[in-house]
Amino acid sequence: MSENPSTLMSQSRLHIELAERWGARNYAPLAVVLTRGEGVWVWDVDGTRYLDCLAAYSAVNQGHCHPRIVEALKLQAGRITLTSRAFHNDRMGPFLQQLCELMGYAKALPMNTGAEGVETAIKTTRKWGYTVKGVPEDAAEIIVAEGNFHGRTTTIVSFSTDSQARAGFGPFTPGFKVIPYGELAALEEAIGPNTVGFLVEPIQGEGGVVMPPDGYLAGAAELCRQHRVLLIADEVQTGLGRTGKLLACQWEDVRPDVLILGKALGGGMFPVSAVLADEEILGVFEPGDHGSTFGGNPLAAAVGMAALSVLVDEGLVENAAELGPWLMDQFRASGSPHVEQVRGRGLMIGVVIKESSGPAKPFCKALAKRGILAKETHAQVIRFAPPLVVTREILESVLPDIQAVLRGEGVDLG
Ligand SMILES: *Cc1c(COP(=O)(O)O)cnc(C)c1O
C-alpha cells in the first residue's frame, strides 16, 4: 500500500498527520477521518461511506445532523446563544419543563458534559446528606461500583477502578467506597450511617456493556430506600432510548432519586447534560453554591428540546426495543468460533471476543474496511450501538459483512 502515491497523499493521511503533530495523544482513533454525517451514515475525507455503529458513545442517538435539530440550532444561533445564568433566558425554562415532564421529576439542573452532570449529582447528594439526612460534616460517603465509568474529572477518576484512568493523577478525592458491580449483598454490607448515595450505571457501557443480574437495580433501589441512601443513576449513556426504554432503570420499574443525563440530550450536536431529582434533593442548592457559564444556555436548551422531541416523535425508543433483540440474534447466528457472548439491551450491544482469538481491536479494523465503524470497549468487547434512527433494512444490508468479520474473515488474528 505504501508504494501507492495516491494513498500516501490521501486526504486521510494528511489529517491524521496533522492531528498527531498538533494534538495531545490522549486517544488512539482508528485511521478514519470523517467529514460528513447524515442519519446513520458518515463519510470520510476520501469519500468512503461508513455505517456508524458507535454513534459517539450514544451521543448521536437521533442520527447525524438530524434536520429538526439542525434547524433548531440554526434558528437559535441567529437569535441568542449565551446569556450566562446571571440573567434569565427564554429557552431554559421550556427546556427544563419538557425534560422534567418527560422523565417525571420535579426539578432539573442543566450542565454541559456528562462528567459535569456526575459532579453535580455528587455535590447535591453530599449536601443533601449534610443538610437533610444529618451526616456529620465532611463524613459523607458515596458507594460506587467496580468497573464504573462516570467521566474524567479528578474527583471522578478518584473512584475509577481502571488503573490507567487514575495512574499519575493523584492525590484523589476521598469519600467513595467501591464495591463489586451486580452484587446486592456487597451493597447492603457497604452501607453505613454516613452513606448518602449509591452511584451506578444501569449497564456499564465503557466497562464493556456489562449487564448486572436481573433484579439488581430494583434490589438496590429497595436497599437505598430502607437505609435512606440516594440512588444516583448515571444514565448518560444508557438513557434516552438506547436500551429500548426511555431510561434503562425502567426495565426494572426503578425511579432513581437522582438521574444524570447527557450525551444524546444534546442530539449529537452540542454538549447538554442535566441532573434531575425532586425538590428535597435538588432544593439543597442555594444561589452561588454551584454553576456553569454555559449550563442552561439558550442554544443548548433549544437543541435539547429538539433532541427530546425527535426521540419521542420518531419512536426511537420503540425502534431500539424492536431492533435490538433481533440484531443480537443475528450476531449469535453468525456461527463464529471467536464469539464468546453477545449481550446487551436494545441497541446497546456488546459482542465479546474469546481471549483465545486475541483482542477485539483487529475485528474493529476489519469492520472498518467493510464500511462499518465500531470500537472496542475494554480489550475483548466490540460495542454495536448505532444511532436509533437505524432501520432493519439498513442493518440487513450490512449483516453479511458483520457476520463475516465475526467469523474472522479479513481479521488479523495475530
Ligand atoms: C460518557 C459518559 C460520561 C461522561 O460524559 P462526558 O460528556 O464525556 O463528560 C459519564 N457517565 C457515563 C455512563 C458515560 O458513558
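One-based numbering, in listed order, for ligands and for the atoms of each.
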Novice: Does this structure show an ion pair linking E376 with R383, if we count only N-O contacts that are shorter than 4.0 Å?
Specialist: no
Novice: Is it the side chain, the backbone, both or neither of Y57 that has a heavy atom closer than 4.0 Å to ligand 1?
Specialist: neither
Novice: As an exercise, identify every atom of ligand 1 less than 4.0 angstrom from a heavy atom of Q237.
Specialist: 15 (O)
Novice: Distance alone, cut at 3.5 Å: any donor-acceptor contact between the side chains of E119 and H290?
Specialist: no
Novice: Should E141 and K177 count as an ion pair when the cut-off is N to O under 4.0 Å?
Specialist: yes
Novice: Quick one: pull up NE2 in H338 and CD in Q380 and give me the separation to the nearest 0.5 Å.
Specialist: 12.5 Å
Novice: Regarding atom 3 (C) of ligand 1: of the candidates N148, L265, V236, which has the closest heavy atom?
Specialist: V236
Novice: Does R225 pair with E222 as a salt bridge, N-O distance under 4.0 Å?
Specialist: yes
Novice: Around atom 7 (O) of ligand 1, find the nearest protein heavy atom and jot down its residue, atom name and distance.
Specialist: G114 N, 2.8 Å
Novice: Checking W43 against T48: is there a side-chain donor and acceptor pair closer than 3.5 Å?
Specialist: no
Novice: Relative to the ring of F384, is the ring of F331 parallel (under 30°), tilted (30 to 60°) or perpendicular (over 60°)?
Specialist: tilted
Novice: Closest non-hydrogen protein atom to atom 14 (C) of ligand 1, residue and atom name please, with distance?
Specialist: K263 NZ, 3.0 Å
Novice: Is the contact between E201 and ligand 1 made by the side chain, the backbone, both, or neither, using heavy atoms and a 4.0 Å cut-off?
Specialist: side chain
Novice: Checking a contact table here: which protein heavy atom is nearest atom 9 (O) of ligand 1, and how many Å away?
Specialist: A115 N, 2.8 Å
Novice: Could you tell me the residue and atom name of the protein heavy atom closest to atom 11 (N) of ligand 1, and the distance to it rounded to 0.1 Å?
Specialist: D234 OD2, 2.6 Å
Novice: Hey, which atoms in ligand 1 end up nearer than 4.0 Å to a heavy atom of T113?
Specialist: 7 (O), 9 (O)
